[in-house]
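Keep in mind that what you see is a predicted model, and the values were worked out from it rather than measured. Here, residue 1 is the first one in the sequence, and each next residue gets the next number.
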Amino acid sequence: MSRASSAHPCLTTFGPLPVKTDVAGAIGAWRDWLTAERRLAVNTREAYQHDLAAFMSFLARHLGGPPDLAALANLVPADIRAYLAARGTEGYARTSTARAMATIRSFFRFLDRRGIVQAPAVHAVRTPRLPRSLPRPLSERDALDALGTVAEVSDEPWVGRRDIALLTLLYGCGLRIGEALALDRGEVIGRDVLRVVGKGGKERIVPVLPAVRDAVAAYLCVCPGDNGPQAPLFIGVRGGRLDAAVAQRQMRRLRGHLGLPDSATPHALRHSFATHLLTGGGDLRAIQELLGHASLRTTQRYTDVDRARLTAVHRAAHPRAKRPAGH
């Protein structure tokens with residue numbers, strides 16, 4: 001008999017997944033906690049819920065039936081290793097599996113702290129170590145070319161002005177694409193600083209360069225639709241708030257137009273903002289504040305980018321780094 005087969009037959013559906021009533025209640029409490037106390041962004045909460053649903057779906061197959069709280073408490077390390085092996089077989093990237101395990105541990109920590117379930121097996125299995133990846137910024141020349149050329153791949157003149165303003169804002173203020181698209185007009189017009197709400201609902205202050213103000217003003221002069229302070233700053237051709245997928249599409253067009261690498265995304269402009277500030281002598285702590293990083297370790301990745309760039313320049317330019325012909 002499977003370990004879950006004797007559970008109570010009453011089921012509750014969480015998304016596409018049937019789970020026992022007590023697990024559904026625990027998941028609901030966790031979701032409320034993510035919203036009210038962690039104050040995670042909607043997209044982040046949805047990613048967490050998707051990861052947890054996938055884990056519960058695996059458990060239902062692995063244990064022979066929808067899990068209840070007793071089944072969660074009785075998990076052993078072999079169950080978690082089976083989950084990791086299943087993801088590997090299904091072709092999930094290690095980064096995706098690492099994120100999923102972080103979600104699962106978050107859920108079980110919540111259960112433990114609320115006295116609902118203790119499942120030490122979840123914390124006993126290590127996620128495979130990930131290779132440390134570096135941000136991939138654009139060069140200063142490529143970043144400026146992108147800002148100066150993006151209007152050429154836009155379908156209408158006002159859309160071109162919009163795309164210039166958006167990319168200038170991303171590069172000039174180091175915003176995430178979601179942060180930029182969440183701005184309303186009244187938060188930007190005539191402002192020397194922006195109050196940006198980032199991950200986890202954390203607010204930070206970002207100075208606005210004159211070039212950014214000019215690009216936004218030029219766009220708003222030709223932008224159709226509502227011009228009130230509560231109206232979205234960036235809108236799509238149908239009048240609603242601009243979707244991130246549209247901005248990504250415009251960057252793909254721009255990459256083809258300029259011959260830029262696939263790493264040239266809207267987020268790469270945020271990387272470029274940080275890297276170019278650091279190269280210009282910016283203070284690491286100040287850059288951390290501007291980016292809204294909770295940990296300085298996250299910001300320190302940009303020192304590795306700059307170190308790698310300097311090493312490449314040194315090797316290309318130093319006479320002793322050049323091998324004589326025929327050697």
Side-chain angles (χ1 to χ4, degrees), residues 41 43-44 47 91-99 102 127-150 152-153 163-164 166-181 196 198-199 204 206 209 211-212 244-317:
N43 289 344
T44 304
Y92 284 95
R94 285 193 294 172
T95 51
S96 174
T97 296
R99 187 198 69 186
T127 305
R129 185 179 296 275
L130 297 175
R132 188 181 183 190
S133 61
L134 294 179
R136 300 177 67 182
L138 300 177
S139 69
E140 292 184 26
R141 181 69 268 159
D142 284 346
L144 293 176
D145 284 348
L147 270 56
T149 310
V150 66
E152 297 178 12
V153 300
D163 294 343
I164 292 172
L166 175 59
L167 298 195
T168 304
L169 182 64
L170 296 177
Y171 180 48
C173 296
L175 303 191
R176 300 176 178 92
I177 183 66
E179 295 168 347
L181 299 185
V196 181
K199 288 186 175 180
R204 67 185 190 276
V206 180
L209 297 172
V212 175
V246 176
Q248 298 282 1
R249 184 195 67 199
Q250 293 297 85
M251 281 298 293
R252 287 195 297 272
R253 289 180 174 178
L254 186 60
R255 288 201 301 264
H257 189 67
L258 292 177
L260 298 176
D262 289 345
S263 58
T265 64
H267 200 68
L269 290 170
R270 173 174 160 88
H271 292 325
S272 304
F273 165 85
T275 303
H276 299 164
L277 279 180
L278 186 65
T279 302
D283 176 74
L284 197 62
R285 285 285 185 184
I287 295 172
Q288 177 192 4
E289 292 294 324
L290 291 172
L291 292 173
H293 286 160
S295 170
L296 185 63
R297 289 184 61 186
T298 305
T299 315
Q300 284 174 330
R301 295 183 304 160
Y302 293 103
T303 65
D304 295 334
V305 173
D306 192 49
R307 188 178 300 117
R309 183 189 66 82
L310 290 174
T311 299
V313 170
H314 179 267
R315 287 177 177 172

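Rounded to the nearest 0.5 Å, atoms CG (Leu258) and CG (Asp142) are 7.5 Å apart. In this structure, the separation between SG on Cys173 and CG on Leu290 is 9.0 Å, given to the nearest 0.5 Å. Note that NE2 of His271 is 12.0 Å distant from CG of Leu170, once rounded to the nearest 0.5 Å. Distance CD/Glu289 to CG/Leu296: 10.0 Å, rounded to 0.5 Å.
Of all heavy-atom pairs between Ala264 and Ala268, the closest is CA-CB, 4.2 Å. Taking all atoms of both residues into account, the shortest heavy-atom contact from Val206 to Arg204 is CG2-NE, 3.9 Å. Summarising the geometry of Thr275 relative to Pro137, their closest heavy-atom pair is OG1-CG, 3.5 Å, with the distance given to 0.1 Å. Scanning all heavy atoms of the two residues, the minimum distance from Ala180 to Leu169 falls at CB-CD2, 4.0 Å. Taking both residues in full, the closest heavy atoms of Val153 and Gln250 are given as O-NE2, 4.0 Å, listed atom of the first, atom of the second, then distance. The heavy-atom pair separating Thr168 from Val212 by the smallest distance is O-CG2, 3.7 Å.
Proximity of Thr265 to Arg136: side-chain heavy atoms (C-beta onward) are nowhere separated by under 4.5 Å. Within the 4.5 Å cutoff, the side chain of Ile177 has heavy atoms near those of the Leu166 side chain. Side-chain contact check for Arg255 versus Pro261: every heavy-atom pair is 4.5 Å or farther apart. Under the 4.5 Å side-chain criterion, counting only non-hydrogen atoms from C-beta, Arg270 is in contact with Arg176. Residues Tyr171 and Leu144 have side chains in contact (heavy-atom distance under 4.5 Å, counting atoms from C-beta outward).
Distance alone, capped at 3.5 Å, is enough to place a donor-acceptor pair between the His276 side chain and the Ser272 backbone.
Within 6.0 Å of CZ in Arg141 there are more than 12 heavy atoms belonging to other residues, nucleotides or ligands.
With Met251 as the partner, the side chain to side chain contact (heavy atoms under 4.5 Å, CB included) test is satisfied by one option alone out of Val150, Leu167, Asp163, Leu260: Leu167.
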